[in-house]
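All residue numbers in this chain count up from 1 along the given sequence.
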Amino acid sequence: MIPEGNVKSNIERFSGFEGLYDSYRPQAPALVVDLLKGYLGGRPSLVVDVGCGTGLSSFIWRKAADRVVGIEPNGDMIGKAREKLALLPPDDAGRFAFVQGYSNELDLESGSADIVTCSQSFHWMDPVSTLKEVGRVLRPNGIFAAYDCDWPPQASWTVESGYERLLRLAEEAVARRVPAADRAVKRDKGKHLENLRASGVFRYVKEMVFHNIERCDADRYFGLALSQGGVQTALKHGAEELRDEIDAFRKEVEAYFRGRTLDVMFGYRMRLGIK
């Protein structure tokens, strides 16, 4: 199937910077595994990670699941996941498969999955058709979890506001340069819980908030901002006016970290459904 219109734009938004993305984005917290195994009541036989990107949310299941299937439509992103997979010991690598595909067309048997996750990806998917397909592949009492970082991570208020300003200016630059019909469509994360309830798939839904502490220096924090799809899309479309803003943000980040590596809080929100 060849995607059309905004679907294609959503996929292509993440092309060409898979290395940057994988280097600076946070790996999914280990707490995600603990929470979902707790709701499941044991070790999952099959975890399906939809919109898996470079595998940052897939490899956390390396020792915690019998089998993991990562689904990702973007060729560059899934290519990076496969590169990483090739570096694992054979016994661990054999538990994984990375498949190029779409959230509403999963090449999986009905009732085969214990857990389906969407890490920082559900807002790029059509919620109605995706949740219908999730409901098909989940077994009874299986779990769906969509979880996201709250951007920006904790720093000073001036650094955080600079991060937000850079993202806002990038999206404004994209709006000036890319026709609406060709722009990626990002859905409201605040409606994830509502969408789970409206799907009719789940007997129980809830939202939870947690955090993870990571070590972070100036390069890492600055790289997180550059890894945002809006910034990369603007630069791909020639938004050279962003360069001064990027340089100013880099200097502000460096002034805050002052060569230090600090504990930085990443906030998360998870919307969970039990079939």
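- Salt-bridge formation is not detected for the pair Asp66/Arg95: no Lys NZ or Arg NE/NH1/NH2 atom is positioned less than 4.0 Å from an Asp or Glu carboxylate oxygen.
- Aromatic pair Phe122/Phe144: ring centres closer than 6.0 Å.
- A salt bridge links Arg62 with Asp92; the closest basic N to acidic carboxylate O contact falls under 4.0 Å.
- Looking at Ser119 and Asp49, their side chains never bring a donor and an acceptor atom within 3.5 Å of each other.
- Using a 30° and 60° split on the angle between ring planes, Tyr221 and Phe249 fall in the tilted class, from 30° to 60°.
- Screening Arg139, Arg67, Arg43 for a salt bridge (Lys or Arg N to Asp or Glu O under 4.0 Å) involving Asp114 leaves a single residue, Arg139.
- Side-chain atoms of Glu160 and Gln154, non-hydrogen and from C-beta on, do get closer than 4.5 Å to each other.
- A salt bridge is absent between Glu194 and Arg187; no separation between the charged side-chain nitrogens and carboxylate oxygens falls under 4.0 Å.
- At a threshold of 4.0 Å, the pair Lys251-Glu254 does not count as salt-bridged, since none of the basic side-chain nitrogens sits closer than that to a carboxylate oxygen.
- Within the 4.5 Å cutoff, the side chain of Gln228 has heavy atoms near those of the Trp151 side chain.
- Salt-bridge check for Arg176 with Glu241: passed, with a basic side-chain N closer than 4.0 Å to an acidic carboxylate O.
- Side-chain atoms of Arg25 and Ser227 form a donor-acceptor pair, as typed in the model, at a separation below 3.5 Å.
- Checked against ring-ring contact (aromatic ring centres under 6.0 Å, His included), Phe96 has the following partners two or more places apart in sequence or in another chain: Phe59.
- When side chains are defined from C-beta on, Tyr256 counts as touching Leu262, because their heavy atoms get closer than 4.5 Å.
- Using a cutoff of 4.0 Å between basic side-chain nitrogens and carboxylate oxygens, Glu133 and Arg136 are scored as salt-bridged.
- The cluster map of Ile, Leu, Val, Met, Phe, Trp and Tyr, joined by side-chain heavy atoms under 4.5 Å apart, puts Leu138 and Tyr204 in different clusters.
- The shortest distance between side-chain heavy atoms of Tyr102 and Glu105 falls below 4.5 Å.
- The side-chain heavy atoms of Pro29 and Phe266, taken from C-beta on, include no pair separated by under 4.5 Å.
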- Task: Check the pair Glu207 / Lys191 against salt bridge (Lys or Arg N to Asp or Glu O under 4.0 Å), numbers first and verdict last.
- Result: CA-CA 11 Å; Glu207 180 172 359; Lys191 293 185 177 179; over 6 Å; no

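- Inter-residue side-chain proximity for Val116 and Val47 is flagged as unmet; no heavy-atom pair is nearer than 4.5 Å.
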